[in-house]
Amino acid sequence: MTDQKALAKGYEPKNVEAKWRKHWEETNLFTPDANAPGEAFSIVIPPPNVTGALHIGHALNLTLIDVLCRHARQKGKNTLWIPGTDHAGIATQNVVERALAAEGKNRRELGREAFVERVWAWREDYGHRILDQIRALGASVDWTRLRFTMDDGLSAAVRKVFVRLYNEGLIYKGKYIINWCSRCHTALADDEVEHEQQKGRLWRVRYHLADGSGSIAVATTRPETIPGDTAVCVHPEDARYAALIGKSALVPVLGRSVPIIADAYVDREFGTGALKVTPCHDHNDWALGNKHHLEFIQVIDENGLMTHDAGPYAGLSKELCREKIVADIAAAGDMLSVENMEHAVGHCYRCRTAVEPHVSTQWFVAATKLAPAARDATPALTQIYPESWIKTWNHWLDNIRDWCISRQIWWGHRIPAWTCPACGALTVAEESPAACSSCGAGGLAQDEDVLDTWFSSALWPFSTMGWPEKTTELARWYPTSVLVTGFDILFFWVARMMMMGLHFMGKPPFRHVYLHALVRDAAGRKMSKSTGNVIDPLAMTEKYGCDALRFTLTAFAAMGRDIRLSEERIEGYRHFVNKLWNAARFAMMHLAAGPEPVNPRTVQGLHHQWILHRLEAVKSGMDQAFEEYRFNDAAQSGYKFLWNEFCDWYLELIKPDLQSDDAPRANTARHVLQLALREVLVLLHPIMPFVTAEIWQALPSGAADMADMAAAELAVMPWPPARPCCVRETAAQHMEMIQEVIVAVRTMKAELGINPSQKVSLLLRPAGAAQAALLEENREMIMTLARLESLSADEDTTAPKASASSVAQGCQIIMPIRGAVDLASELARLDKELAKMEKDVAAVNKKLCNESFVSRAPADVVASEQKRAARLLDAKAKLLALKERFTQASADEEISPFHV
RNA sequence: GGGCAGUUAGCUCAGUUGGUAGAGCACCGCCUUCACACGGCGGGGGUCACAGGUUCAAGUCCUGUACUGCCCACCA
């Protein structure tokens with residue numbers, strides 16, 4: 001650490017950030033000791049794709065988690081944040097396959113083993129990118145506990161879970177209809193299919209009855225599946241077709257005879273009310289086929305080509321088959337109509353290829369059996385924020401279907417199941433078995449498939465902590481405190497972690513789930529490379545500093561709302577970072593020698609009492625906001641305090657103190673300045689770790705009572721304890737009075753075109769002795785901030801005729817204007833002021849004249865309204881009196897202009 | 001078809017328990033005041049989407065409508 005004590009004029013984030021990143025990691029500052037005291041606080045990172053690059057969504061996620069972790073440390077919690085990456089099966093395999101394609105190769109040529117090696121090599125080369133980007137954001141993760149979903153330990157956990165679930169009958173293998181991506185050449189889970197409305201056509205086709213007695217019209221959007229038809233289905237109560245039920249129809253072109261069946265599933269309103277049933281190529285037809293014991297004929301293979309069973313169309317692509325069969329049917333005179341229509345088509349979430357329903361043998365997790373426990377755990381054991389997601393959560397769990405977990409790709413955890421070449425029996429085991437568990441034969445062949453990437457992610461909260469070993473991490477930090485992630489992976493990930501965590505650990509994996517928004521562009525569109533509207537977090541960090549980016553994301557993270565981000569926002573908050581920097585710079589000019597301690601309890605001076613009072617409010621407000629995931633509230637109150645109170649008022653107010661020859665007076669100011677600055681740095685540190693750490697380090701060591709604060713570095717400083725003795729409502733009210741007077745003078749000057757730096761005389765006519773004393777005690781503050789030449793506060797003051805005037809809390813504010821000002825503009829100003837009061841008075845009176853308000857509203861509300869009415873009326877009367885006097889003066893034209 | 005959000009100042013958004021509508025940016029005016037022009041001071045600007053209802057009192061609670069966005073869903 002450098003030991004420079006002077007701060008540069010403008011904040012230069014680049015070097016500062018690099019320095020602190022390095023320091024935090026080298027000193028293992030965020031590696032917790034399991035034996036350390038304090039409540040456990042833990043978070044597991046939502047592991048980014050190992051081949052991925054950091055996008056703004058990660059930046060938001062990591063920032064919010066970091067805010068929580070840093071705040072938890074401040075609150076004395078034993079805090080663990082586990083970082084790591086996901087092997088991201090299909091996505092990563094696709095990336096490497098693309099690289100191979102660029103070399104003119106494909107994975108089949110390479111062979112499985114070489115291909116997998118190639119992916120590992122790819123990970124070696126590029127896997128650190130995403131980790132460096134996590135570092136760049138200042139994420140306070142424990143790098144000593146870095147994990148990867150395909151680490152040995154995590155892989156062992158995957159096998160253990162698989163075997164146990166299999167033995168419990170919760171994993172099974174079977175032939176079912178699944179979603180098939182012919183480009184990725186693998187099965188997909190239901191939720192890996194994204195449905196999109198697409199233009200298509202609806203063909204009405206005549207199916208002749210087998211007995212030649214007539215025909216039935218059938219509607220379809222997929223004529224290429226006609227060769228796979230094994231029934232025609234109508235609604236049992238559909239009068240049009242009642243006579244046909246039980247008869248047979250002939251499949252067009254092929255002439256195969258299929259039964260006409262009835263099922264209430266059919267929508268009589270749609271199409272012709274008669275549905276062709278193709279059990280192998282449609283999820284619903286699959287269900288119908290099973291229910292009615294229909295024949296299953298597969299006519300499209302896994303490459304999208306027509307099978308042998310497609311008769312004349314065998315060998316054609318499904319697209320070509322569609323063209324031909326439509327033409328053939330038309331030629332036969334059986335095409336009744338064609339119309340355009342929109343319908344939903346499923347697409348692969350990884351490559352956007354249209355997904356084909358496909359019958360094949362796959363592995364499944366019996367999610368239907370695991371889901372109820374996950375449902376019951378919320379909100380009893382795990383609370384979801386924002387709460388509105390609970391309905392969606394429940395609905396999904398209530399309607400869950402078994403989870404297809406086998407993928408026909410090579411990158412991932414290979415399924416720990418072996419088939420016996422001799423007897424065909426299946427052996428499922430954690431380690432490669434030497435012999436068949438059934439007949440004892442050797443030479444077992446392992447299943448070719450790998451597991452869905454989300455299978456290993458589902459174990460993440462406990463596999464990263466060393467499960468199935470009984471580790472200290474698990475004992476100390478499981479369950480995790482909160483899961484912070486985007487709602488887009490609520491089902492993919494959160495729900496499955498919940499099911500696995502409950503099943504294997506007996507406890508839900510997290511106490512809270514905080515779902516944050518999606519980051520969109522300024523126009524509300526999803527950011528994507530193809531739209532070209534991405535905001536690159538690293539470029540933003542580079543340009544405006546990481547703290548500016550982090551503050552922006554935090555300030556916009558209102559619960560349950562998407563974030564519309566634009567570069568201007570980040571630029572705007574860079575100003576805030578710079579403001580803090582400069583406030584500190586100012587403070588440093590006066591703190592070179594540490595001030596002598598002053599007891600905050602007995603500190604004199606309204607401005608000191610006031611800032612300490614405000615500090616208490618902000619401290620507790622931010623603390624609570626952090627605890628309740630109201631990130632935007634925390635950021636906003638920190639922002640307002642620092643800029644609008646600390647900088648705009650307090651720093652200005654203590655300038656005379658700091659320059660005073662009165663040593664104790666100057667010392668008090670320096671002490672309170674240092675105290676407030678130090679505390680505000682702590683408060684803002686979770687959001688802006690770099691700039692605050694840098695300033696903290698540059699500050700001279702504190703006075704005796706702050707020795708503990710000054711000693712350590714900011715990242716491990718505790719959250720400042722509440723200081724109840726500094727809560728002073730009266731001081732706050734008094735300060736408000738002083739501020740009102742100052743603002744009134746500034747406004748008068750501005751509106752009358754008087755240069756703000758021009759010193760004027762001011763006469764105050766206080767509303768009473770107490771007010772007079774208050775103003776007198778604080779005359780220097782008013783003189784300085786209102787830029788006055790002279791000030792008198794006298795209850796018996798009479799206003800000179802040529803005066804601008806105003807009223808604050810019953811105190812008349814009179815500013816002789818000495819003819820230098822256009823009298824008409826002061827009149828106009830007064831009238832505007834009076835009109836505003838008039839409006840307020842009318843509103844309050846309306847309320848107070850309302851009989852039922854007075855009788856029914858709580859007494860304190862009525863009282864405060866009455867007080868307000870009295871205050872307004874008083875102010876209005878006083879202002880009117882001043883105006884009256886002023887009007888006379890204008891009429892007299894007796895004002896002798898005189899100048900300063 | 002079902003569900004969930006949203007609709008507040010020109011723009012982007014706050015507005016915890018109902019009790020005098022706020023911020024940032026943008027805009028207008030003034031100011032090179034010894035931390036900051038990435039600044040200071042002051043100012044203009046809103047019938048809180050619409051229609052009902054509850055209440056002494058509604059941006060806030062309830063019902064309905066419209067529009068926008070998202071999620072789920074088996075109209076082939």
Side-chain angles (χ1 to χ4, degrees), chain A residues 7 9-11 191 195 202 218-222 225 233 265-272 274-278 282-288 341 343-344 386 388-389 391-392 395-396 399 487-488 490-491 518 520 522 524-526 544 548 555-556 558 560-566 568-569 571-590 624-625 628 630 632-633 636 639-640 644 647-648 651-652 655 659 743 746-751 753-757 784-785 787 840 843-844 847 850-858 860-862 864-865 868 872:
Chain A
L7 300 179
K9 183 170 176 186
Y11 175 56
D191 53 6
H195 292 272
L202 185 68
V218 164
T220 181
T221 54
R222 301 200 56 203
T225 64
C233 189
Y265 158 72
V266 176
D267 179 355
R268 277 172 280 185
E269 306 299 317
F270 189 86
T272 62
L275 168 73
K276 72 183 207 56
V277 186
T278 320
D282 184 280
H283 289 95
N284 309 310
D285 293 8
W286 169 263
L288 278 177
M341 70 170 293
H343 63 135
S388 57
W389 281 100
K391 267 194 173 180
T392 312
H395 182 261
W396 190 80
N399 294 283
F487 56 76
D488 49 330
L490 182 63
F491 306 136
L518 241 49
R520 300 174 179 280
R525 293 168 306 183
K526 210 166 171 174
Y544 303 110
F556 277 92
R561 247 184 116 125
D562 283 349
I563 298 175
R564 293 193 183 194
L565 191 69
S566 67
E568 293 79 70
R569 310 261 157 73
E571 192 180 354
Y573 281 113
R574 175 183 57 163
H575 300 178
F576 177 63
V577 179
N578 194 55
K579 187 76 179 176
L580 172 60
W581 181 260
N582 275 293
R585 226 162 66 84
F586 171 77
M588 297 278 292
M589 291 166 55
H590 300 281
Q624 208 175 337
E628 294 168 5
R630 289 182 289 110
N632 57 326
D633 286 345
Q636 281 309 321
Y639 183 101
K640 281 186 179 164
N644 303 120
C647 289
D648 288 350
L651 292 187
E652 296 305 323
K655 279 178 181 175
Q659 275 148 20
V743 169
R746 286 169 174 171
T747 306
M748 286 191 283
K749 279 190 184 179
E751 294 192 337
I754 298 170
N755 187 319
S757 58
T784 313
L785 267 66
R787 296 191 165 259
D840 289 350
V844 183
K847 243 185 190 180
N850 183 343
E851 171 60 28
S852 40
F853 171 74
V854 180
S855 58
R856 294 197 176 188
D860 59 320
V861 174
V862 176
S864 87
E865 287 296 317
R868 183 164 164 249
L872 278 168

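Bear in mind that the values here come from a model prediction, so they are computed numbers and not experimental data.
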**Asked** Tell me, do Tyr573(A) and Tyr544(A) make a side-chain contact under 4.5 Å, heavy atoms counted?
**Response**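 No, every pair of side-chain atoms sits at 4.5 Å or beyond.
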
**Item:** Flag side-chain contact, heavy atom, 4.5 Å: Asp633(A) against Gln624(A)
**Value:**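 No; the side chains remain at least 4.5 Å from each other.
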
Can you tell me which nucleotide in [options] comes closest to the side chain of [X]?
| X | options | result |
| --- | --- | --- |
| Ala857(A) | rC72(B), rU33(B), rG19(B) | rG19(B) |
| Thr221(A) | rA76(B), rG22(B), rA14(B) | rA76(B) |
| Phe556(A) | rC75(B), rA35(B), rU12(B) | rU12(B) |
| Asn755(A) | rA23(B), rU16(B), rC31(B) | rC31(B) |
| Phe491(A) | rG19(B), rC71(B), rC75(B) | rC71(B) |
| Ser388(A) | rU12(B), rU33(B), rC4(B) | rC4(B) |
| Tyr265(A) | rA76(B), rG15(B), rG19(B) | rA76(B) |
| Thr392(A) | rC71(B), rC31(B), rG19(B) | rC71(B) |

Looking only at atom [atom1], what distance separates [N] and [M], rounded to whole Å?
| N | M | atom1 | value |
| --- | --- | --- | --- |
| rC62(B) | rG69(B) | P | 25 Å |
| rU7(B) | rA49(B) | C1' | 6 Å |
| rG22(B) | rG46(B) | C1' | 11 Å |
| rA37(B) | rC71(B) | C1' | 47 Å |
| rA5(B) | rA14(B) | P | 14 Å |
| rU8(B) | rC41(B) | P | 30 Å |
| rG15(B) | rG19(B) | P | 14 Å |
| rG2(B) | rU16(B) | C1' | 31 Å |

**Request:** Report, as a single string ordered 5' to 3', how protein heavy atoms within less than 4.0 Å touch nucleotides 36-41 of chain B: B base, S sugar-phosphate only, - not at all.
**Result:** BSBSSS

**Request:** Give the B/S/- string for nucleotides 58-64 of chain B, one per nucleotide from 5' to 3', where a protein heavy atom under 4.0 Å of the base yields B, of only the sugar-phosphate yields S, and otherwise -.
**Result:** -------

**Message:** Ignoring hydrogens, what is the shortest heavy-atom contact between Thr272(A) and Ala219(A)? Give both atom names and the distance.
**Reply:**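 For Thr272(A) and Ala219(A), the tightest heavy-atom pair comes out as OG1-N, 3.7 Å.
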
**Item:** Distance-minimising heavy-atom pair for Gly10(A) and Asn578(A)
**Value:**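 Answer, listing the atom of Gly10(A) first, then Asn578(A): CA-OD1, 3.8 Å.
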
Round to a whole Å and report the spacing from [atom1] of [X] to [atom2] of [N].
| X | N | atom1 | atom2 | value |
| --- | --- | --- | --- | --- |
| Asp840(A) | rA21(B) | CG | C1' | 13 Å |
| Asn850(A) | rA57(B) | CG | C1' | 9 Å |
| Arg569(A) | rC13(B) | CZ | C1' | 8 Å |
| His195(A) | rA76(B) | NE2 | P | 11 Å |
| Met748(A) | rG29(B) | CE | P | 23 Å |
| Phe487(A) | rC71(B) | CZ | P | 8 Å |
| Glu751(A) | rC28(B) | CD | C1' | 13 Å |
| His343(A) | rC74(B) | NE2 | P | 15 Å |

At 4.0 Å (heavy atoms only), tell me whether [X] reaches a base, stays on the sugar-phosphate, or touches nothing.
| X | result |
| --- | --- |
| His395(A) | sugar-phosphate |
| Ser757(A) | nothing |
| Arg868(A) | base |

**Request:** Stems involving RNA chain B: give each as a range paired with a range, ordered by first number, where a stem means at least three consecutive Watson-Crick or G-U wobble pairs under 3.5 Å.
**Result:**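 Stems found: B:1-7 with B:66-72, B:10-13 with B:22-25, B:27-31 with B:39-43, B:49-53 with B:61-65.
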
**Request:** Spell out, as yes or no, whether a donor-acceptor pair under 3.5 Å connects the side chain of Lys749(A) to the backbone of Ile754(A).
**Result:**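 The answer is no, because no donor-acceptor pair under 3.5 Å joins these two groups.
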
**Asked** Is Lys655(A) positioned over the aromatic face of Phe586(A), cation under 6.0 angstrom from the ring centre and no more than 45 degrees off axis?
**Response**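 Output yes; distance and angle both within limits.
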
**Asked** So does His395(A) have more than 12 non-hydrogen atoms from other groups sitting under 6.0 Å from NE2?
**Response**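 Check fails, neighbour count at 12 or below.
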
**Message:** Assuming nearest nucleotide by heavy-atom distance, tell me which of Leu651(A) and Gln636(A) is located more 5' along RNA chain B.
**Reply:**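 The residue whose closest nucleotide sits nearer the 5' end is Gln636(A).
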
**Message:** Quick check: on RNA chain B, is the nucleotide nearest Ala274(A) upstream (toward 5') of the one nearest Gln659(A), or the reverse? Name the residue that is more 5'.
**Reply:**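 Upstream on the strand: Gln659(A).
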
**Among Asp860(A), Val844(A), Val854(A), side chain to side chain contact (heavy atoms under 4.5 Å, CB included) partner for Glu865(A)** =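 Passing option: Val844(A).
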
**Prompt:** How far does CZ of Arg787(A) sit from CZ of Arg746(A), to the nearest 0.5 angstrom?
**Reply:**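 Reported to 0.5 Å precision, the distance equals 9.0 Å.
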
**Request:** Report the distance from atom NE2 of His575(A) to atom CG of Asn582(A), rounding to the nearest 0.5 Å.
**Result:**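 Answer rounded to 0.5 Å: 12.0 Å.
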
